[in-house]
Amino acid sequence: MPFQQLKESDGLIETQLPSHMQRIEFDKLQLSSVYDDKYVEGTILMKYPSHELGTGEKAFKMVLEESTTRQPMSNLSTINTFVFGKLVDDCEHTLKQGDKVVLSKFLVRKSASASKDGRHVLQLELSEETGATVFVYAKSMKEPTAAHNVNLPIIERSKIRMHDYTYIPLNKVKGGITVNVYGVVKFFKPPYHSKGTDFCSTVTIVDPSNARLNCVLFSGNVDLLPKIHKMGDVVRFHRIKIQEFNKELQAINAPGFSALTFDGTPGAPLKPRTTSKSYQFTSTDQRTVEELRKWASADPSIHKPTIRLSEVKPAEYFDLTCQLIAKAEVDRSAVLLKVWDGTQCPHPLWQVPVDASALEGDPADIHRLRTLAVDVLVYDNHIGAANLLKVGMYLTIHNLHAKLITPTTEKPSISLDPVPEMGFHLHGGTSYGRGITIMPADCSAVQQLKQSLESALSADQDSLGDLSLLDILNTSKRPSASEATSAARIERCQQESATVLTAHQHIRTTPIQEILDQSPPQKYRIRAKLVNYEPRALHQSVKLYCPKCCSLQEIPNDDDIDTVLQGLYSPGSAAVDPDVRSHDAAWYKTAMWEAEGERQRRITVHLVRTGEEQSVPEHSTILVEGMSLNDLYRLSERFGRVIPTSSRTKCLSLNDLSIPFLIEDRKWHYGCKNCSDPQPVNVLQSLSQSGTWESSAIAKVLGVQLLSYVFVMKFTFDDGSGSLDAFLWNEAEGFFGISAADIMIDDVLQGKLTRIMDTLCPSRTNPDNGPWLECCVKSYYAGDGSEQKTYYQIFDTVVAETEDI
DNA sequence: GATTAGGCTTCG
């Protein structure tokens, strides 16, 4: 129901909305597609006359003021609002300045004029395409800022009407007008970061009128740009503005722009690629898409054959649809991607020399796919996109350059000339649509790719059968902790082992002596007894790990933390600037007192304000200053989140990262000194608006690289044939079923771990007394350059559940 | 109503 007026007698607007709809304040709005379950409420401060777009549809602009805003003087309290299409006819004459309105299912975009008009940085856009609804109170209210809406009335409801969109052929577009068009993609650049603030995508479309149109599309939200996968895709654009550039017509996206993209294959499903959940798509639209598909399918300049690795020719530029096996940062200007498409490149492959430890990806997969995987070097402006990729993803790499190079050998070769090798490069720049598109698993290109990958695997079952990428391929999820545990129980009955495997049960057991004779990387299953483990003191087995720089460090002990804290409030440390703390801030309330028995120490607590007035301490966040170690323990028992700060400068700042920067539910979170760039604590204000106080969100906003707790232990196994040292490395609940972070704050868990280790390894003097352990172990090379050594790591293994532990 | 880019191969 796009437009409703409220009548005397019917009461609150809220009662007219579905119960799941909730109000969102202007200052909590964020850039995103459609708020399906939120509405805004405001008073019309200004309303401009409607005007007709070149599409024949109307549009008008108004400015809304949030009457009950919590920040009345802020520029977030007024917001530009644009209404498009049929909705204009419905409500332009009814809405008046001073009216109170409620809007739902609107689109949020960046405001183009915020810097000039000083209003909200975002704007609202309403059209039937988003399913937008406008509610209005009948009479202009004398006091638009009145906070209570009770007993306001409803007058009438208008019927839903579909808007008839007009699409014009490309040979009919003229400069200066805004139009809707259909077209077939003849050329495109996938969205990339422009040098300005937005993503950019250029798209050339053609249609049977034999005209072509270059479109330059910008959006701060990449999801609003067309999701084109290949040439020949069919697109529908609403509201593009035609203008002249270099004596040619070009199109740019106009306010209210929206795009649908369809697979270009005739007969393919008519499901558009879009993030919008609500769009108008009629039977006429269906016919148009199918006609364009048929028209373009005959044109070989649009529908070029896809090229697979088995078909690639030297010096060729081509689009490769593939799966990512591994990646590594080579240097500042290049990232290495190891990818495969299930076919084998017929040329000898150039391999980028990188340290195996620098490769992100399963070493066993990398090893097993080594004959099918190709190395792709990604340069310059594409590095950002490459860094966002995750192993296992399906990709299309656009305009990949296959280049034959002849390796230069240092020593002159006596017998043979060096053989040219093929390397793959995604060069810098965006020419020819260069870029990387992440392909959704359900698109037709990926369906074909999966078939190819699966047939490659079945063709070589022996060597590829134990591929962990298979999990992704078959979309079978990995066992959850509870599933693994129940699987563990069953396994244990059969194996009489104190540990059980969560996968790879089909692999045969390899004697340790045989493992020691082989070169890494390999995966094995062993059956052995635990003859020793280190460190023996369990608290020493938990460390802090930085996922960014991969450094490992000890957890700071209480004495060290206490020393740092004392340094912060000791007399003479100039720790107090009374001016800073004397006032509440907009986003927190402040309380101050002197520490009992310590006249020099002033304790300050800033309680972060939340939307709800009655927030329980367990869910509250406090910023604290002048705390002793005991204070921190005490407060962290009571408050959900405690953030130690100090205000030596004019603003609140974090302390040295040798003490925790956040205590959340009694867990002490530390930041990496190498990888963090701490920001003033004021930046947390953005979280108090969005309401998401996860430790990861807090760390991100504060510029802190979060360290994770990991178990690091060395197990010595012996199976009679030989002895092998293997590392146990667990962040989450892996091997022990206990997370390293949880054990730090839980005495019961510490006791449990002690009992587990006593069971697995009861006596160093007579290890035969201990139980057998089934373990998965993988071998790998590590070390620097010349000093490479073989190491072993335990994986996919858990301790079996027993009643007595 | 401000910008971005405005298809047209790197040079590793």
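Letters A, B, ... mirror the listed sequences (proteins, then strands); counts begin at 1.
- Donor-acceptor pairing under 3.5 Å is recorded for the side chains of E125(A) and Q123(A).
- Contact annotation: N214(A) reaches the phosphate of dG7(B) (side-chain N/O to OP1 or OP2, under 4.0 Å).
- The CD1-C1' distance, from I242(A) to dG6(B), rounds to 14 Å in whole Å.
- When rounded to the nearest whole Å, the span between CZ of R239(A) and P of dG1(B) equals 20 Å.
- Geometric assessment of K403(A) against the ring of F424(A) yields a negative cation-pi assignment under the 6.0 Å and 45° thresholds.
- Rounded to a whole Å, the CZ atom of R434(A) is 8 Å from the P atom of dC11(B).
- A donor atom on one side chain and an acceptor atom on the other are not found under 3.5 Å apart for T166(A) and T55(A).
- For an aromatic pair to be called close, the ring centres must be under 6.0 Å apart, and H193(A) with F199(A) satisfies this.
- Comparing dA5(B), dG12(B), dG1(B) by their nearest atom to the side chain of K195(A) picks out dA5(B).
- Closest of all the heavy-atom pairs between L170(A) and D207(A) is N-OD2, 2.9 Å.
- Residue-to-nucleotide contacts include a donor-acceptor pair under 3.5 Å from the side chain of T204(A) to the base of dG7(B).
- Rounded to a whole Å, the OH atom of Y192(A) is 9 Å from the C1' atom of dG7(B).
- For the pair N80(A) and E244(A), nearest-nucleotide mapping onto DNA chain B gives the more 5' position to N80(A).
- When distances are taken from the side chain of D198(A) to each of dC8(B), dG12(B), dT4(B), the shortest belongs to dT4(B).
- The side chain of S194(A) places no N or O atom within less than 4.0 Å of a non-bridging phosphate oxygen (OP1 or OP2) of dA5(B).
- Where stacking is scored as ring centres under 5.5 Å apart with planes under 30°, Y379(A) registers as stacked on the base of dG12(B).
- In this structure, L213(A) places its CG atom 12 Å from C1' of dG6(B), rounding to the nearest Å.
- Stacking between F218(A) and the base of dT3(B) is absent under the criterion of ring centres within 5.5 Å and planes under 30 degrees.
- Taking atom CD1 of I405(A) as the reference point, atom P of dG12(B) lies 11 Å away to the nearest angstrom.
- The residue from V312(A), D341(A), I307(A) that alone fulfils the side-chain contact (heavy atoms from CB on, under 4.5 Å) condition with L320(A) is D341(A).
- As judged by a 4.0 angstrom heavy-atom cut-off over every strand, H401(A) is placed among the base-contacting residues.
- Closest to the side chain of D380(A), out of dG12(B), dA5(B), dT9(B), is dG12(B).
- Each of dT10(B), dG1(B), dC8(B) was ranked by its minimum atom distance to the side chain of K403(A); first place goes to dT10(B).
- Using a 4.0 Å heavy-atom criterion, one finds that R212(A) contacts the bases of the nucleic acid, with or without backbone contacts as well.
- Take the nearest nucleotide of DNA chain B for F199(A) and for E248(A): the residue whose nucleotide is more 5' is F199(A).
- The OH-P distance, from Y48(A) to dG1(B), rounds to 9 Å in whole Å.
- Donor-acceptor pairing under 3.5 Å, judged by distance alone, is present between the side chain of Q123(A) and the base of dG1(B).
- Closest to the T197(A) side chain, of the nucleotides dT3(B), dG7(B), dG12(B), is dT3(B).
- Residue K110(A) places none of its side-chain N or O atoms closer than 4.0 Å to OP1 or OP2 of dT3(B).
- Comparing the same atom, P, in dG6(B) and in dT10(B) gives a spacing of 14 Å after rounding to whole Å.
- With rounding to whole Å, L336(A) atom CG is found 18 Å from dG12(B) atom P.
- Contacts of N246(A) with the nucleic acid, taken as non-hydrogen atoms under 4.0 Å apart, are absent.
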